[in-house]
Amino acid sequence: MNNLRMIYEVARWEFLRFFKVRDLILTLLLTAFGVAFVLWSGPLINWVSGGSKAKVVVLNQEILPFQLSAESAIELVPEAGRSDDEWRAAVGRKEVAGLLILSSIDEAELYVNKLPTWQAELVAALTSARREARLKTANLSAHELNILLAPYQIDIRYHEAGGKPAQTAKYIFAASFIILVLIGVFSGMSYMFAGITGEKQLRVTEQVVAAISPQTWIDGKILGLSAMALVSVLNLGGGALLAALVSRLFGASLPITLAMIHPILLLQYLTMAILGFLLWLTFLAAIAATINDPQTSTRSVIILLPALPIGIAFSALKNPDTWLMKLLGMFPFTAPAIMPARLVLTDVAWWEFLAAMVFLLGTIWLLRRAAGKIFGVGVLMYGKEPSWREMWRWVREA
Amino acid sequence: MSREILYVDAVEKGFDRVKAVDGLTFGVRAGEIFALLGPNGAGKSTTVRMLTGIIRPDRGTIRYTLTGERAAAPAPSQLGYLPEERGLYKDQPIISTLTYFGVQRGMNRPNAARAAEQWLERLELRDRAQDKLDALSKGNQQKVQFIASILHRPSFAVLDEPFSGLDPVNQDTFLDLIRELRADGMTVLLSAHQMQLVERIADRILLIDRGREVLKGSLQEIRQQTRAGNKITLKVAGEPRISMLAGHSAVESARLTAADEITMLVRDGESLSELLVLAGEHLEITGIHSEQTSLHDIYVHAVGRKEVSDARVGEIAEMEVSR
């Protein structure tokens, strides 16, 4: 049996070891439920609370007239000629949520039973009203006053090829990509970690190494578990998409449009995600092979290392076009997270994407060779963990 | 005589400052059961790992001629290996695990699955095929492990401590299985320390200690090499004095095996009359038993020669002091 065929057989075995249909369906449903909950949480909370708003009575409103938006959580109730004390008693009886007594343009008392969740909204409305009142007394002309009070106007125009989404939607989309890569890397790494340390503890390694070379074994493992990581990502992404589609059918307003999921973009994203999985799983396979007991080994924390580039990738959401982000978008260990984010947020030159791919493939190849050597020795070692220096020596001697 | 399918020449292997194998030379013939014997730390498993290609020797040559052509290592399909450190995937169905190991040894998946089913049937585990390994008793887990090593019908099987952890009934089952494999033309090299089992099954034996050869050949040849004749056990009343027996020319070794029991290994071909007269003059003999020297006795004598003689000197000295 040739080597490629054996790598396929190992990859198939490793994939099927962790491929549990029941678990995937459960994850899909939970993701769909979670996304649907987020999309419907506003209307749902409103529905649960009976659609009611917090009733607030304002005394002396003529001191500082203010307005609330139609979507406000607060409903202003007329004072209806009742006295201060009568309203305070009404608050006590929970007939109204609060009593706001304006004493001047700068001061007011809010009488409530408990700290209100709508306090920030009330403060914002009063602040806005006070600013407007102050400006009116600043001896400005009506024209100047209108200019100062009018919101700043930005006319957004989109490129023809663009999907014309709002920038916020792009951020959400890019962040989703990064999070999915993170989940894929972490799930793949946890499979790899559990798999290799488990095999060492179950003493399976010697039997396998007597039949196939360590390089073949690690190659198959990396491919099989990368495929499993991809399945996890597609499952999660699929669950989220399912929830979004169903929610749209029922009239939910989505922060992103499906038109943003362009096939080329999706292909580029999947390419980067897969290369990222291969890179990190190759790295971890070598480390995991040197660990005797995952419960006590200090090396177990290395599984968290991919969180670092993912964290940097979130910085790319703010400034995707800085030279640093362009560079990190091509650097092998950060490219799988940053490049997808940049692809969504900005225009990425074709050569940048190509360079990222080439650097990633080259690094994966070199890392694979080094990992194969470390894995081959480490997986048969029991008793003590090799030092970093020893591992480096194995790689150099190979 | 069958042709040699494995030739090991002056092989050495060391770890840090310990030399685990020190210049071993031996050959294994086609169709035989060859036993590698030795105490713990003798270098058996290191030798086995070198034979299976898991580790490389520092010096020396390992040469296979399984197909008639020389090779440093056999093809995976030609070699079966039961490691001393047992292990199978506990979270997978038994049939899947066995199939996977068959595939690793060059079988295609359907053939591996079919062979696994046949072996499970043969070992009365057919109805457990879809169970996880954890659900089986320890003995049955050993059977599954054994199947994994010979599922692909290799021409050469290396079994490292195949009897360890087995009860007497399963030990007999495994002996029968190994004999069956030999009858099918498979060559078997087994490493073990259960002398009575090895004695029953091995065609030839290599006894090693501290990485070096101590004895080699068939049981008959080893008996001749060691001049191992009979083992005589004397039951005595009173003080069991062994010093005058140990010094007799017919006695290879003598030791106290109980407070009232002396066991002697007597050299092959030596007259016992003079020895028994001597024993009768100095000891109050209440019983006597004679049998052919077992491999166990030869093993203990050969490997533990220094320790036994040290112990004997100690015993004598102790008796002298108490007297």
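Chain letters run A, B, ... following the sequence lines, proteins first and then strands; every chain starts at 1. Just the heavy atoms: all of them, side chains too, but no hydrogens, waters or symmetry mates, feed the values below.
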What closest approach, in Å, do [X] and [Y] show between heavy atoms, and which atom pair accounts for it?
{"X": "B:Y81", "Y": "A:A210", "result": "CD2-CB, 3.4 Å"}
{"X": "A:M6", "Y": "B:Q104", "result": "CE-O, 3.5 Å"}
{"X": "A:E206", "Y": "B:I54", "result": "CG-CD1, 3.2 Å"}
{"X": "A:A211", "Y": "B:P76", "result": "O-CG, 3.4 Å"}

Next item on the list: Using distance alone, with no hydrogens and no angle criterion, decide if B:Q145 and A:Q207 have a side-chain donor and acceptor under 3.5 Å apart.
Entry: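 Looking only at side-chain atoms, A:Q207 and B:Q145 do form a donor-acceptor pair, the distance falling under 3.5 Å.
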
Next item on the list: Report yes or no: do B:Y100 and A:E9 form a side-chain donor-acceptor pair below 3.5 Å?
Entry: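 A:E9 and B:Y100 do not have a side-chain donor-acceptor pair below 3.5 Å.
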
Notebook entry, point to check: For atom CZ of A:F359, is the number of surrounding heavy atoms from other residues, nucleotides or ligands below 6.0 Å larger than 12?
Noted result: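 Open: at most 12 neighbouring heavy atoms sit under 6.0 Å from CZ of A:F359.
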
Item checked: Heavy-atom neighbours of B:E180 CD exceed 12 at 6.0 Å ->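 Atom CD in B:E180 is packed in, count exceeds 12.
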
Next item on the list: Heavy-atom pairs under 4.5 Å with chain A are the metric here; pick the option from B:E84, B:K90, B:R49 that has the most.
Entry: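 Most heavy-atom pairs under 4.5 Å with chain A: B:R49.
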
Which bit of [X] is near chain A, if near means a heavy-atom gap under 4.5 Å: side chain, backbone, both or neither?
{"X": "B:S96", "result": "both"}
{"X": "B:F101", "result": "side chain"}
{"X": "B:A75", "result": "neither"}

Check: Can you check side-chain contact (heavy atoms from CB on, under 4.5 Å) on A:F18 and B:D91, steps first, answer last?
Finding: CA-CA 10 Å; A:F18 295 100; B:D91 57 343; 5.7 Å; no

Notebook entry, point to check: Using a cut-off of under 4.5 Å for heavy-atom pairs, which of A:V208, A:I212, A:V209 has the most such pairs with chain B?
Noted result: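 Most heavy-atom pairs under 4.5 Å with chain B: A:V208.
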
